[in-house]
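To start, the structure under review is shown below, and the notes come after it.
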Amino acid sequence: MTDRPISGTGSHGDGTEAAASGGGPAGASRRGFLRAAGAVGLGSVAVGAAGAGEAAAAPADSSDGEGARAAGTTPPVRTGTGLDRLPHPLVIGHRGASGYRPEHTLGSYELALQLGADVIEQDLVPTKDGQLVVRHENNIAETTDVADHPEFAARKATKTIDGQSLTGWFTEDFTLAELRTLRAKERLPQQRQRNTLYDGRWPVPTFRDVIDFAEKRSRTLGRDVWLYVETKHPSYFRSIGLPLEERLATELRRAGLAGRRGRAILQSFEPSSLQRLARLVENPRVQLLGDAASRPYDFVLAGDTRKVADLVTPAGLKWIASFAHGIGPTTQLIAPVDATGKLQPPTTLVPDAHRAGLVLHPYTVRNENGFLPVDHRRGTDPAAYGDALSWSRYLYEQGVDGFFTDQSDTAVLARADFWASRGVH
């Protein structure tokens with residue numbers, strides 16, 4: 001994902017990914033929906049955990065579209081994958097609980113699950129010796145204490161990644177053993193000063209570490225812990241002899257997570273990465289979409305002139321549905337804002353994607369004013385909390401199938417309100 005402010009804020013903002021693939025809209029499981037919503041009265045932590053377990057228990061093929069409409073809801077798109085067993089809408093822990101703990105640490109993932117996240121997200125980058133580690137970017141200058149290690153001072157470099165010149169320390173220049181000597185730290189210390197309390201507490205996890213963690217937590221929670229896995233800069237890593245897709249597929253097979261019901265959702269900003277993954281494993285796939293004027297970097301390399309604006313048209317969504325099961329758009333592709341950050345009328349992306357048989361998991365919902373539309377801010381401090389509950393409910397009301405969030409508890413509470421407003425008890 002990339003980090004950007006909502007227009008007009010002058011503060012940090014953030015993004016995530018998604019994928020799409022056939023399987024048109026069929027009836028939703030009323031029993032599954034109601035059973036999931038039965039957790040509404042349990043409180044912020046329990047709602048997500050109980051909702052996830054109950055929804056997963058509902059038969060994937062049970063459906064009652066009329067019942068869902070009677071409850072004031074829209075029947076979820078049926079993908080024919082394990083996605084259909086998850087709660088609707090879904091709460092995705094963006095890099096864990098990154099609003100409260102340094103992102104992509106086991107501490108962040110643990111807290112996200114405690115706060116009710118149904119799924120936790122990982123961004124994958126490789127080491128010099130071909131091991132998959134979990135970091136937001138391969139440049140680890142902002143997310144680890146590498147600058148404090150004099151033994152690695154000579155590793156500092158300037159590289160061009162996806163057309164951008166970046167200076168820092170890069171995972172592909174370190175062996176796994178070397179990376180294990182580093183500790184994670186808060187990436188946005190000015191905005192999230194309290195999170196710096198945990199700087200140095202956790203190491204950089206490997207993808208295998210996170211898989212093992214999820215397996216253990218699945219047993220203790222009594223429900224499946226799902227992973228939402230992004231391939232970062234896949235064309236770049238393939239170009240330097242460290243392709244991601246084959247390594248990811250191998251890890252998924254090793255852990256028993258491969259397949260349409262394998263408890264791992266795959267995502268990427270590059271369509272060719274998802275197409276390659278589709279040939280390797282049958283896990284559900286989500287195509288991430290950045291700003292409307294941007295182009296996937298594999299399009300840039302291939303001379304494909306299409307922009308994201310072309311991919312969110314009915315024709316573009318139909319093309320995405322040929323290799324993916326959903327899309328992960330920025331929230332502004334659904335709920336645009338003007339130059340001052342004020343909300344404008346919603347686009348038709350949600351119904352258009354649903355007509356194409358795609359689920360939508362937009363990114364990224366956060367509590368801080370700097371990440372919120374003007375309509376949902378409180379005061380002028382960009383680091384202070386705004387009305388993220390109303391912003392979350394607004395997105396649910398647009399019909400999204402879930403979203404990525406840095407604060408899972410906020411999304412869980414907003415989902416409980418949304419369910420209650422639809423008469424689901």
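Values below: all heavy atoms of this structure, side chains included; hydrogens, waters and symmetry mates excluded.
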Pairing donors with acceptors under 3.5 angstrom, does anything connect the side chains of [X] and [Y]?
{"X": "Asp401", "Y": "His88", "value": "yes"}
{"X": "Arg247", "Y": "Thr250", "value": "no"}
{"X": "His94", "Y": "Glu103", "value": "no"}

_Partners meeting ring pair (Phe, Tyr, Trp, His ring centres under 6.0 Å) with His376 (sequence neighbours left out)_ = Trp391
*By ring pair (Phe, Tyr, Trp, His ring centres under 6.0 Å), which residues pair with Phe174, not counting sequence neighbours?*
Phe152
*At what distance, to the nearest 0.5 angstrom, does CZ of Arg306 lie from CG of Leu311?*
5.5 Å
*SB check Arg276 Glu270 (cutoff 4.0 Å)*: no
*Between Glu142 and Arg135, is the closest basic N to carboxylate O distance under 4.0 Å?*
no
_Less than 4.5 Å apart, side chain to side chain, heavy atoms only: is that true for Gln122 and Leu132?_
no
*asked:* Taking the side chain as everything from C-beta on, heavy atoms only, tell me whether Leu248 gets closer than 4.5 Å to Leu252.
replied: yes
Please name all residues satisfying side chain to side chain contact (heavy atoms under 4.5 Å, CB included) with [X], sequence neighbours left out, ordered by chain then number.
{"X": "Asp129", "value": "Thr127, Gln131, Thr175, Leu176"}
{"X": "Thr348", "value": "Pro351, Asp352"}
{"X": "Leu301", "value": "Ser235, Tyr297"}
{"X": "Arg260", "value": "Thr81, Glu282, His325"}

*asked:* Taking NZ in Lys128 as the centre, count heavy atoms belonging to other residues, nucleotides or ligands within less than 6.0 Å. Is the count above 12?
replied: no
*Please work out whether the ring planes of Tyr109 and Phe213 are parallel, tilted or perpendicular, with thresholds of 30° and 60°.*
tilted
*Check the angle between the aromatic planes of Phe269 and Tyr363 and answer parallel, tilted or perpendicular using the 30° and 60° thresholds.*
perpendicular
*Check against side-chain hydrogen bond (donor to acceptor under 3.5 Å, both in side chains), Tyr236 and Asn138*: CA-CA 11 Å; Tyr236 166 75; Asn138 54 326; 4.6 Å; no
